[in-house]
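Sequence lines set the chain letters: A, B, ... in the order given, protein chains first and strands last, and positions in each chain run from 1.
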Amino acid sequence: MLFHSLAFLFFLVVILAIYWMSAGRMRLAVCLASSCFFYGWWDYRFLALVGGSIAVDFAVGLGMEQFGSKGKRRALLAVSLGVNLGVLAVFKYFNFFRDSLQELAGSIGWQLDWPTLNLVLPIGISFYTFQTLSYSIDIYRGKLAAERDWLRFATYVIFFPQLVAGPIVRAAQFLPQLSSDRKWCFSQFQKGFGLMLLGFFKKLVIADNIGLVVDHLFDNPGIYTAVNAAAVMVLYAFQIYGDFSGYSDIAIGVALMMGFVFPTNFRFPYFANSFSDFWRRWHITLSAWLRDYVYIPLGGSRGSRLSTARNLMITMLLGGLWHGANWTFVLWGAIHGVLLVLQRIWNGWSPASQGTGVESNAGSGTLHRITAEATKMVSVFTCVCLAWVIFRSNDFTQAISVLKPLLGCDGFSPSSLHDRIPLIKSCLLVSIFVSGELLVFFGVWHWVVSRCRAAELFGYAGLLWMISLFGSFESQSFIYFQF
Amino acid sequence: MKIISKKQLAAVVAFLVVCFVGDRVGGFAMGRLFMSTHFRYSDLYAGNLSSDVLFLGNSRGVHMFHRPPLQQVSGKRVANLSFNALPATMIPIVLEDYLKNQNSPSELFIEVTCIGRVNEPGSLSRFTVLADRSEGFNQLLAKHRPKHYWASQISHLYRYNSELLIRSLFFLRKSDQDWIMESEVDAAWEETLPPEMIRRFERSEADLESLKEAISIAERNDVDVKLILAPYLPGYFALTDSCSEWLNWIETETGTKVLDYSLAIEDSSCFADPIHLNPKGAEVLARLLQRNGDF
């Protein structure tokens with residue numbers, strides 16, 4: 001069920017009531033049962049798939065702890081990797097690689113006739129697969145003790161707020177919280193509720209309104225002027241941000257209402273002043289996962305410059321591929337990889353010189369620093385927006401046709417704008433959203449709330465009013481559900 | 001276990017009260033804003049749209065019934081309550097509300113392509129701004145879009161979550177009766193025309209009932225009803241089919257002749273796109289209507 005549906009709101013109210021009225025293992029059982037119900041609502045058949053993944057990794061975890069020899073532990077890890085990545089490969093990537101190989105073979109005159117698998121992509125498979133893999137790998141590395149309680153482990157994997165589209169929560173963060181009953185705390189519940197409201201605002205007000213405008217550009221790019229196309233591309237950047245960070249906020253907020261603290265997944269990504277900074281702010285749990293389980297094991301930045309560049313490219317290519325079975329995602333990942341490498345070349349190769357998001361000390365004078373920071377932010381944002389066009393496109397042809405209008409020198413006139421009313425509405429809403437982000441980013445909001453608690457109440461009410469007045473309720477699915 | 005202290009309970013209650021009051025105050029403010037504009041539906045419910053001739057239809061009606069040339073050729077006061085994708089079910093509602101808020105016109109023109117697609121009650125939700133102004137609309141919304149009905153009853157702000165509010169703001173200072181696309185159809189229109197944009201003249205019994213109801217309301221109020229099919233770009237019209245059978249069906253069922261102006265204009269420079277006239281085309285049509293004695 002979609003988060004922004006009446007069914008989910010009803011489900012949440014009922015589950016929260018039952019959850020806080022129960023205790024001990026009953027409470028864990030409530031979490032597990034509700035999560036199974038939530039996931040089964042999409043398609044009950046895929047409960048078996050996630051159940052299989054849970055069973056394999058639970059057994060592998062116990063096995064790795066029981067066996068002292070490195071060889072056996074490695075074999076068990078290989079089982080976990082094989083099963084999880086195998087399932088992911090079959091459901092998500094089989095047809096993609098099959099079609100790509102057939103095309104490649106066809107281009108050199110070979111005929112391949114491999115079967116196509118008509119499989120529906122299970123919702124959330126990319127997310128829970130990475131979650132269970134992190135569990136197995138951390139036990140292998142000796143960083144985590146195996147979970148001996150199957151109920152707790154199953155809840156960790158399938159917990160409904162973050163099951164379908166993250167954040168990717170590490171076992172070390174979540175399993176200890178599942179070990180004991182969460183204590184009721186009104187302020188925590190209130191904070192979770194506020195975060196959930198913020199998530200609904202980002203999804204219903206920002207993302208879904210912009211979606212109407214963006215879809216038209218990608219359906220018919222040839223009729224757009226350069227300025228119109230550029231405006232819509234910038235709007236897409238906010239659509240995907242609102243959509244994904246909105247989902248994360250709802251997931252983290254719901255978990256908080258149940259007493260669980262999940263990691264932040266977005267931290268003002270469009271204020272990044274470098275590409276590495278962007279990846280420390282965007283989908284933080286995924287980039288941290290890729291850093292810890294791909295980039296660092298490959299060698300990270302510990303080797304030569306060439307190996308660092310190689311490791312960055314492999315990590316970002318895999319990151320792109322993780323998003324979907326399409327060469328556009330791979331290219332998007334490659335673009336970010338190249339940008340990270342170029343940044344290294346520009347700034348020097350040491351990790352310390354890659355931009356921390358803190359105002360740099362280059363040049364003297366406040367105005368100079370502000371100008372330099374603003375220039376960096378705008379540059380990063382522009383590159384990210386252009387890369388999002390590749391990400392959003394169905395294929396390279398569509399990407400080129402959408403980017404092509406940017407090369408046009410056709411001037412600007414209001415009458416040449418398409419979908420004027422939704423475009424103006426989207427621009428207005430993005431302006432309000434960015435203003436709100438700036439208030440939080442510079443600490444103004446926290447300063448106000450610390451001096452006047454009622455401001456928080458009005459803030460929550462304001463979000464509800466905005467959702468009523470501007471929300472789009474045509475039930476558009478979250479973008480990241482397709483991953 | 002104490003779940004919530006008195007102070008916290010008070011905060012929850014205060015939050016709910018603030019939400020409710022803010023919603024009502026916001027809804028009131030949005031309503032005042034909407035009614036302060038010269039958008040056609042604002043003027044309708046403000047009683048500022050008295051006319052001798054009333055026009056109703058969808059976007060083709062918006063462009064066909066362009067006030068300046070119509071008033072110029074006839075000397076009559078003209079009011080156009082057409083709107084983009086106006087659902088057929090809204091036609092009798094809008095007419096009834098017009099008659100409640102204004103004196104009866106002597107003539108009513110209805111552009112018939114607002115019926116003939118399979119009923120689109122979905123577009124009703126755009127008209128929630130009328131929720132506290134039109135009892136007929138409320139009943140229609142409750143019947144066809146109950147979720148939107150209950151949402152607009154619970155939240156007054158939700159009523160203004162509508163394209164109509166934003167569109168009305170374009171007419172804060174000027175009347176929207178002059179609203180029309182001023183472009184000229186692209187010579188290569190056929191290459192860029194999506195297949196789903198080629199009109200299929202479908203028979204919708206529900207829409208026909210709405211048309212009959214509107215005719216009945218008009219006749220009860222001594223308003224002379226004229227049904228009309230506005231011009232199409234000839235090349236576009238050639239791509240459609242079943243129009244004449246569809247017109248016969250309407251005439252037979254309603255007992256009212258349809259004035260067929262579908263191919264009345266051949267000059268492509270009179271069209272903003274294949275299905276809408278531009279100001280030049282609207283003027284040509286106005287003169288044609290007058291010359292033929294239809295207006």
message = Does any part of the side chain of B:Met64, heavy atoms only, come nearer than 4.5 Å to the side chain of B:Phe55, both counted from C-beta?
response = no
Salt bridge flag under 4.0 Å for residues A:Glu456 and A:Arg453 = yes
request  = Decide if the gap between the ring center of A:Phe433 and the ring center of A:Tyr241 is smaller than 6.0 angstrom.
outcome  = yes
remark   = Bottom line for A:Leu464: the part with an atom under 4.5 Å from chain B's heavy atoms is side chain
task = Give, as side chain, backbone, both or neither, the part of B:Met181 having an atom under 4.5 angstrom from any heavy atom of chain A.
result = neither
key: Close side-chain approach of B:Asn84 and B:Asn58, heavy atoms under 4.5 Å   = no
key: Among the listed options B:Arg167, B:Arg159, B:His156, the residue most often paired with chain A at heavy-atom distances under 4.5 Å   = B:Arg167
ask   = Of all of A:Cys185, A:Ala461, A:Gly462, which one pairs up most often with chain B through heavy atoms under 4.5 Å apart?
value = A:Ala461
request  = Find the one option among B:Leu16, B:Ile166, B:Val18 whose heavy-atom pairs under 4.5 Å with chain A are most numerous.
outcome  = B:Val18
message = Suppose we call two aromatic rings close when their centres sit under 6.0 Å apart. Are A:Trp465 and A:Phe470 close by that rule?
response = no
request  = Please look at B:Ala151 and chain A and tell me whether the side chain, the backbone, both or neither of the residue comes under 4.5 angstrom of a heavy atom of that chain.
outcome  = neither
ask   = Do A:Asp208 and A:Lys202 sit within salt-bridge range, that is, some charged N less than 4.0 Å from a carboxylate O?
value = no
note = The interface call for A:Ile424 against chain B, heavy-atom contacts under 4.5 Å, is side chain
